[in-house]
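So the structure is just underneath, and the comments pick up after that.
The figures that follow rest on heavy atoms only: side chains count, while hydrogens, waters and symmetry mates do not. Chain letters run A, B, ... following the sequence lines, proteins first, then strands; residues in each count from 1.
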Amino acid sequence: MGDFPILLTIVLAPVIGALVILFIPEKDERLIKITAAIATFVSLVLSVYAYLVYDKTAGGFQFTQDFVWVERFGINLSLGVDGMSLPLVLLTAIVIFTGVFASWDMHSRVKEFFIFLLVLVAGVFGVFVSRDLFWFYLFFEVAVLPMYILIGVWGSTRKEYAAMKLTLYLLVGSAFALIGIIALYVYAKAQLGFGTFDIMTLGTVEFDEAFQKFAFFLMMIGFGFLVPMWPLHTWSPDGHVAAPTAVSMLHAGVLMKLGGYGLIRAGVFLFPLGAKYWAPLIAVLCIVNVVYGARVAMVQKDLKFVIGYSSVSHMGYVLLGIASLNYMSLDGAVAQMFAHGIMTALFFALVGNVYHKAHTREIAAFGGLAHQMPRVASGFLIGGLASLGLPGLNNFVAEALIFLGSWQVEKVLFGWLHFRVLSILAIFGVVITAIYVLRVVQRVFFGPRNPKWDHLTDARGVEMVPIVILIGVLVLFGIFPSLLIDTINVGVGPLVAKISAAAEIGGVF
Amino acid sequence: MIGLKKRGDYAMVSPLVFWIVAGVTILAALAVVNLTNLIHSALWLVVAFIGVAITYLILEAEFLAAVQVIVYAGAIAILIVFGVMLTRRGDIRESNLFNNYRIFGGLVSLGLLATIVTMVTKTQWAISGAVVPANQVGLLAQNLLGQFVVPFEIAAVLLLVALVGAIIIAKEVRD
Amino acid sequence: MITLNHYLILAAILFCIGFYGAIAKKNAVAVLMGIELMLNSVNINLVAFNRFLSPGEMTGQIFAIMVIVVAAAEVAVGLALVLNIYRQRLTTDVNDLDWLKW
Amino acid sequence: MINLAWLVPVLPAIAFVIIIFLTRRLQMVSALTSILAMAGSFIISLGIVFEVLAGPVTMDNPVELSARWLEVPGSVFIQAGVLIDPLSAVMLFVVTFIALLVMIYSIGYMKGEPGYSTFFAYLSLFSCSMLGLVVSNNYFQIFMFWELVGLCSYLLIGFYYHKDSASQANKKAFITNRYGDFGFMLGMFFLFLLFGTFNFRELAAVIPSYTNEALLTVVALLIFVGPIAKSAQFPLHVWLPDAMEGPTPVSALIHAATMVAAGVYLLARGFVLFESATTALIIIALIGGFSSIFAASIGLVQRDIKRILAFSTMSQLGYMVMAIGLGSITAGMFHLTTHAFFKALLFLGAGSVIHAVHTQDIFEMGGLSKKMKVTTWTFIIGSLALAGIFPLAGFWSKDEILLTAANAGEYFGIPILGPIFLILGLSVAFMTAFYMFRLIFVTFFGEEQPGSHAHESPAVMTVPLIILSVFAIFSGFIGTPFTPNGFAEWVYYGEPHHPHPNYGIMIMSTVVALAGIWLAWLIYGKRAISAEMLANRFSTIHRILYNKYYIDEIYLWLFDRVMLGIADACRWCDRKIVDGIADGFGDGIRAMGARMRFIQTGNMQNYALVIFVAVVIIALVLAVPVLGGI
């Protein structure tokens with residue numbers, strides 16, 4: 001394949017798909033869906049190929065391509081993936097491919113829906129493959145805005161409210177990040193003598209301590225909105241709940257990962273000192289995320305809200321991984337992004353399936369659904385088990401690495417709160433997760449047969465595609481984690497080297 | 001105005017002419033604004049347009065002067081009068097009244113004027129002593145069809161669009 | 001001797017009068033007239049600058065021509081609008097036209 | 001054979017995959033697939049056992065095979081490994097053997113159940129996890145399989161998911177075990193932090209030289225939290241009785257013979273750690289002993305045949321934990337082995353009974369001995385073994401534990417401990433004998449229930465019973481004080497020390513057990529003493545015992561009030577405070593907009609005026625100063 005522009009194709013395939021759909025008559029829904037499936041399949045195949053071909057011994061950015069865009073400001077469309085972004089590209093490809101199948105039963109304004117969906121995913125791909133901060137930001141905005149329309153038009157329950165809330169939160173967040181990026185650019189320009197947005201070049205700049213603290217704070221808030229970090233998180237459950245199935249999958253599965261990825265790439269990598277300074281704050285907030293998110297999930301009445309809050313809780317682990325700032329924890333953070341993406345996509349695909357057929361998501365309305373929908377029940381159970389970190393599934397590996405990593409941290413916050421106490425709280429989150437997951441599984445799927453739901457049909461045909469693929473991925477990477485971790489190691493290695501090279505600095509607390 | 005002397009003579013025109021033309025134009029403009037009869041205003045507008053045309057002549061831009069007379073004093077003024085006629089309602093003598101901004105608007109205008117005048121007088125202009133070329137119309141044509149052909153064509157399209165648009169907007173809508 | 005400043009000040013006076021008309025009149029047609037006066041004064045500026053600063057080039061005059069073209073279009077469309085509004089609302093009083101506010 | 005050890009867990013896993021994906025509709029094929037795979041594992045295990053017995057593989061010289069499973073350069077290296085020493089060889093044999101018998105038994109027991117194939121798939125998955133746990137060479141792997149057996153337990157308890165009680169029970173089992181795993185995980189991480197490895201052998205090399213005993217004690221106790229939950233020790237025992245909602249073969253395999261014993265196995269496997277933390281060891285012994293008597297006392301008054309057995313299991317597990325806590329992994333593991341045989345036998349016998357009478361309340365049974373001869377006799381053999389009657393298996397292993405208990409004072413250097421544990425052990429032995437024979441007299445010999453259509457179970461169920469009863473009788477002989485080169489020479493920690501026969505303890509335990517049987521006979525066999533009268537006389541105690549000391553109620557209250565209370569508070573906070581602030585921003589801006597609306601008059605002249613005012617101001621501010629002021 002030599003010089004074949006893999007990454008560019010990955011990004012453009014959905015765009016081309018959207019363009020083709022533009023010319024398909026509205027009535028021909030099947031063709032539209034098939035086109036979308038093909039477009040995303042191309043991305044998926046190429047992502048898998050890139051994942052397999054990526055040279056782990058060489059490391060660094062590979063499959064690079066550069067297009068000069070605005071020379072004066074040093075903005076280039078430069079693409080490339082390293083061990084950190086590659087799994088996330090793969091994640092995106094898997095989630096969108098399955099997402100298309102999960103929306104196979106969509107029948108209103110199909111054409112527009114798939115066009116927006118594909119544009120959205122192109123933006124997400126773009127974020128993960130750009131090496132240029134400007135494009136990183138640009139792609140990010142491309143990913144956010146279609147979300148507003150997708151939720152506002154095709155959503156359910158308080159969709160206008162949720163769409164508006166989500167968009168505003170994300171835009172506020174991205175505004176912070178933008179300020180950070182611009183400040184970074186200006187500072188680096190003064191140092192380097194030329195302006196550039198290239199991450200690797202920026203990574204060579206020695207930022208002074210005050211600036212690092214300032215810039216990392218901006219990045220932390222900006223991407224913290226996205227992750228979402230407590231207390232900036234309330235957009236996410238509302239958004240999850242209101243969004244249509246495929247959008248929920250993408251949203252929880254991938255969009256939130258942009259935050260974690262951005263925080264690592266544009267935060268920790270560029271400002272290791274700033275990261276060390278602010279890490280205690282992130283650590284404290286992420287524990288709130290984990291424990292509090294899980295607690296809130298425990299008493300929700302709507303199935304999707306449970307999953308929404310579980311995402312808040314699980315993304316807390318990612319933040320914990322970042323806050324711990326060592327090899328294992330950062331590895332775990334990236335792996336957790338991947339694993340959680342797959343897991344939560346599975347959840348939303350299944351809930352979407354149930355909701356589409358039963359027209360309600362209220363937990364209390366169900367019971368004994370395993371009689372009518374055994375496959376959905378099994379899938380949900382496996383998702384739930386992944387969620388509570390069962391070994392043999394991908395999430396366990398990620399969480400274990402995060403915990404192991406955070407366990408190594410010898411910091412003491414506020415002079416009395418040992419970092420390990422935070423780890424313990426986070427690990428306790430696993431117990432709470434088990435409680436709410438099993439509670440939902442039991443109330444919805446177990447129990448006596450409820451004749452009210454006898455008309456529901458089990459997942460079959462195309463509906464099985466997302467379930468099978470997502471579970472397959474969870475199990476594969478769960479049993480053979482080195483398939484995933486070895487790649488991530490390659491990406492995190494240089495980052496860790498940079499962190500340990502940075503001076504030690506007292507934290508904010 | 002036709003048959004004036006050879007090029008360069010306009011510069012010799014007595015300052016008096018300028019003062020008269022300027023005075024008339026300003027008075028006409030004031031009349032446009034201050035009269036309460038819209039028809040009168042329109043007519044005084046024609047006077048002001050012609051005054052401007054003469055000013056162009058003094059500035060040795062006779063092509064523009066001609067265009068000014070034809071387009072403004074001719075076409076636009078007539079259009080406006082038509083507009084007045086078609087929208088007439090009530091007493092024509094009370095058709096052109098002031099609104100609430102009469103005083104405040106006036107003050108702002110005066111302030112604006114003062115500002116501009118200050119700026120104008122404070123600025124040192126790089127006056128060029130060069131002579132106005134002989135064949136102005138030819139030069140204009142060369143420029144318009146050469147260097148500025150794209151704006152020229154766009155202007156043409158704009159006119160066409162404006163024409164069509166005006167027709168469509170003004171057309172009676174049948175229910 | 002009539003200098004550039006004289007023309008500029010003349011233009012400024014016309015402009016301010018036109019502006020006053022556009023601001024302070026009730027009738028939409030009168031507003032249009034004010035705008036025409038303003039455009040004319042701008043043209044005077046353009047031509048005067050052309051004459052005094054770079055007599056060899058025609059740029060100023062070409063600009064003026066463009067302005068005249070646009071002004072013509074503007075009057076046509078503007079009057080059409082006024083006509084249409086008059087038909088809908090039976091008024092030409094701009095104070096009644098506050099639909100920009102919701 | 002040892003080099004094939006990795007196949008032992010893999011074969012059932014393959015069976016699981018085959019059943020799930022291929023043979024769900026073909027019930028018998030599924031069952032045979034499971035059984036074949038299990039038989040393969042069993043044969044390999046048998047080979048391993050013989051090789052271990054014959055060869056140079058000892059506790060000090062194990063065989064270890066491993067592959068790289070997960071690595072973060074310079075930080076952590078986790079292996080997928082196999083560690084074969086006599087300890088794991090014994091466990092392999094026990095697990096594969098009982099799993100095989102239980103699977104064969106299930107062919108008959110599960111006949112006609114929907115989800116027949118699924119059941120065998122789950123059993124295979126469980127076998128895979130349990131065997132993986134047994135052969136693990138590091139803490140991390142053992143933890144993973146530890147959770148996986150928990151999952152299988154969850155799935156199998158909830159096999160009758162249409163029953164509300166079953167779906168509640170499996171949730172409870174999983175969550176309770178989660179608390180245990182939480183502690184286990186913390187302990188494991190601590191261990192890694194201190195020593196930088198998870199591998200048992202590497203740890204064994206470095207732990208003894210570690211000096212900070214307080215820290216080691218904390219680590220040991222944290223790890224012990226895992227076994228507390230898994231082996232149903234007080235206070236995390238609440239799940240085990242409820243787990244009896246699962247099909248009976250499951251109870252036999254998972255909740256009696258193997259999975260619940262995993263906790264004991266872990267203690268034995270990681271004994272070097274506990275041994276280095278004496279305080280932890282004492283606490284382990286106390287918890288084991290307490291659980292043992294606690295469960296036995298509850299077992300005295302229960303009515304449900306499976307629950308009685310469940311409390312008995314809990315009590316026996318407490319015995320084993322106590323033995324290990326008192327420093328003898330030999331005794332603990334020996335009892336684990338014999339207990340696995342006779343407790344599986346008892347459960348399968350109970351299954352046979354339930355299969356015949358379709359009830360689990362012993363007072364609704366009665367007189368079954370006439371109709372179910374094989375079941376009755378095998379059940380009695382099992383009970384005798386459990387009660388510890390000479391010369392059955394339970395006698396020898398219990399004897400060894402009591403011996404250990406008697407030596408506890410010496411071992412810890414605290415003389416008072418010896419008598420305490422000995423009395424504890426003897427009282428448990430008494431209660432055990434009593435409740436088992438209460439069960440037997442009521443179930444098999446009481447009056448026949450009118451309209452009972454009980455009948456003997458098919459051969460596929462009774463043959464495993466017979467095989468197990470053979471083991472229940474004879475398996476004890478591998479470890480008697482009179483056996484040369486017996487169990488104590490295989491499985492030991494440090495130096496093998498052959499037990500010397502202590503006839504005093506032997507006689508005491510026999511007398512106590514016989515006394516228990518006699519009392520049961522008086523009350524339930526001969527009915528010389530009225531059970532109702534006793535229950536009324538000691539009604540408070542009876543009620544407390546019958547309600548399992550109200551532990552469940554306390555937990556429920558804690559969960560409802562504390563857990564859910566906090567959760568509700570969090571939700572309220574999320575909606576009202578966090579979201580309130582966020583929405584407040586929005587509302588604030590909106591209100592500001594409402595105030596500012598008057599600026600937007602919609603009047604274009606107004607707008608133009610403002611624009612020009614601004615122009616004037618900007619010109620004055622920006623341009624004029626440049627030109628030299630007004």
> From Lys172(D) NZ over to Leu438(A) CG, what is the distance, rounded to the nearest 0.5 angstrom?
Replying inline: 14.0 Å

> So which heavy atom on Ala400(A) is nearest to which on Phe189(D), and how close?
Replying inline: O-CZ, 4.1 Å

> Which bit of Arg420(A) comes within less than 4.5 Å of chain D, counting heavy atoms only: side chain, backbone, both or neither?
Replying inline: side chain

> Quick one: of Ile78(D), Asp574(D), Leu148(D), who has the most non-hydrogen atom pairs under 4.5 Å with chain A?
Replying inline: Asp574(D)

> So which heavy atom on Glu147(D) is nearest to which on Pro391(A), and how close?
Replying inline: OE1-CD, 3.1 Å

> Where does Glu71(D) contact chain A at under 4.5 Å (heavy atoms): side chain, backbone, both or neither?
Replying inline: backbone

>> Which atoms of Leu388(A) are under 4.5 Å from chain D, going by heavy atoms: the side chain, the backbone, both sets, or neither?
In response: both

> Does Asp238(A) come within less than 4.0 Å of Arg575(D), counting only side-chain N to carboxylate O?
Replying inline: yes

> Would Asp583(D) and Tyr161(A) satisfy side-chain contact (heavy atoms from CB on, under 4.5 Å), going step by step from the backbone distance to the final call?
Replying inline: CA-CA 10 Å; Asp583(D) 282 351; Tyr161(A) 171 77; 2.8 Å; yes

> Highest number of heavy-atom pairs under 4.5 Å with chain A: which of Leu155(D), Val578(D), Asp164(D)?
Replying inline: Val578(D)

> With respect to chain A, which residue among Trp572(D), Phe182(D), Phe559(D), Trp146(D) yields the maximal number of heavy-atom pairs within a distance under 4.5 Å?
Replying inline: Phe182(D)

> Between Asp579(D) and Lys165(A), does a side-chain contact (heavy atoms from CB on, under 4.5 Å) hold up when you go through it step by step?
Replying inline: CA-CA 10 Å; Asp579(D) 229 13; Lys165(A) 189 167 176 179; 2.6 Å; yes

> What part of Ala294(A) lies closer than 4.5 angstrom to a heavy atom of chain D: side chain, backbone, both or neither?
Replying inline: neither

> Which atom names give the shortest non-hydrogen contact between Gly447(A) and Ser167(D), and what distance separates them?
Replying inline: N-OG, 4.4 Å

> If you count heavy-atom pairs under 4.5 Å between each of Pro481(A), Gly493(A), Pro231(A), Ala297(A) and chain D, which one has the most?
Replying inline: Pro481(A)

> Below 4.5 Å, heavy atoms only, C-beta onward: do Tyr327(A) and Val76(D) meet side chain to side chain?
Replying inline: no

>> Please rank Leu390(A), Asp331(A), Ile485(A) by heavy-atom pairs under 4.5 Å with chain D and give me the top one.
In response: Leu390(A)

>> Can you confirm whether more than 12 heavy atoms, excluding those of Met464(A), are under 6.0 Å from its CE atom?
In response: yes

> Phe403(A) versus chain D, heavy atoms under 4.5 Å apart: side chain, backbone, both or neither?
Replying inline: both

> Is a salt bridge present between Arg68(D) and Asp486(A), judged by a nitrogen-to-oxygen distance below 4.0 Å?
Replying inline: yes

> Is there a side-chain contact between Leu404(A) and Phe192(D) (heavy atoms, below 4.5 Å)?
Replying inline: yes

>> Counting C-beta onward and ignoring hydrogens, is there a side-chain heavy-atom pair between Ile435(A) and Phe174(D) closer than 4.5 Å?
In response: no

> Is Lys576(D) atom NZ crowded by more than 12 heavy atoms from other residues, nucleotides or ligands, each under 6.0 Å away?
Replying inline: no

>> Angle between ring planes, Trp407(A) versus Phe190(D), binned at 30° and 60°: parallel, tilted or perpendicular?
In response: perpendicular

>> Looking at chain A, which one of Lys163(D), Met188(D), Gln168(D) has the largest number of heavy-atom pairs inside 4.5 Å, strictly under?
In response: Gln168(D)

> Which atoms of Ile488(A) come close to chain D, meaning under 4.5 Å heavy atom to heavy atom: side chain ones, backbone ones, both, or neither?
Replying inline: neither

> Quick check: does any side chain N or O of Tyr161(D) sit under 3.5 Å from a backbone N or O of Gly368(A), one acting as donor and the other as acceptor?
Replying inline: no

>> Can you tell me which portion of Trp235(A) sits under 4.5 Å from chain D's heavy atoms? Options are side chain, backbone, both or neither.
In response: neither

>> Which one wins on heavy-atom pair count under 4.5 Å against chain D: Val397(A), Val431(A), Asn326(A)?
In response: Val431(A)

> What's the verdict on side-chain contact (heavy atoms from CB on, under 4.5 Å) for Val441(A) and Tyr154(D), showing C-alpha distance, side-chain angles and the deciding distance?
Replying inline: CA-CA 12 Å; Val441(A) 170; Tyr154(D) 171 81; 3.9 Å; yes

> Could you walk me through whether Phe480(A) and Trp69(D) pass the ring pair (Phe, Tyr, Trp, His ring centres under 6.0 Å) check?
Replying inline: CA-CA 7 Å; Phe480(A) 305 105; Trp69(D) 186 70; 9.0 Å; no

> Looking at Ala370(A), Ala377(A), Gly392(A), Pro374(A), which has the largest count of heavy-atom pairs under 4.5 Å with chain D?
Replying inline: Ala370(A)

>> Between Val492(A) and chain D, with a heavy-atom cut-off of 4.5 Å, which part of the residue counts as in contact: side chain, backbone, both or neither?
In response: neither

> Are the side chain of Arg571(D) and the backbone N or O of Val299(A) linked by a donor-acceptor pair below 3.5 Å?
Replying inline: yes

> Looking at side-chain heavy atoms only, is the closest gap between Cys573(D) and Tyr292(A) below 4.5 Å?
Replying inline: yes

> Would you say Phe428(A) and Leu186(D) make side-chain contact, with heavy atoms under 4.5 Å?
Replying inline: no

> With respect to chain A, which residue among Leu193(D), Asn170(D), Leu151(D), Asp181(D) yields the maximal number of heavy-atom pairs within a distance under 4.5 Å?
Replying inline: Leu193(D)

>> For Met298(A) versus Met563(D), what's the shortest heavy-atom pair and its separation?
In response: CE-O, 3.7 Å

> With only heavy atoms counted, which part of Tyr160(D) is less than 4.5 Å from chain A, the side chain, the backbone, both or neither?
Replying inline: neither

> Which atoms of Leu381(A) come close to chain D, meaning under 4.5 Å heavy atom to heavy atom: side chain ones, backbone ones, both, or neither?
Replying inline: side chain

> Would you call Arg449(A) and His162(D) a side-chain contact if the rule is heavy atoms closer than 4.5 Å?
Replying inline: no

> Side chain, backbone, both or neither: which part of Val291(A) has a non-hydrogen atom closer than 4.5 Å to chain D?
Replying inline: neither

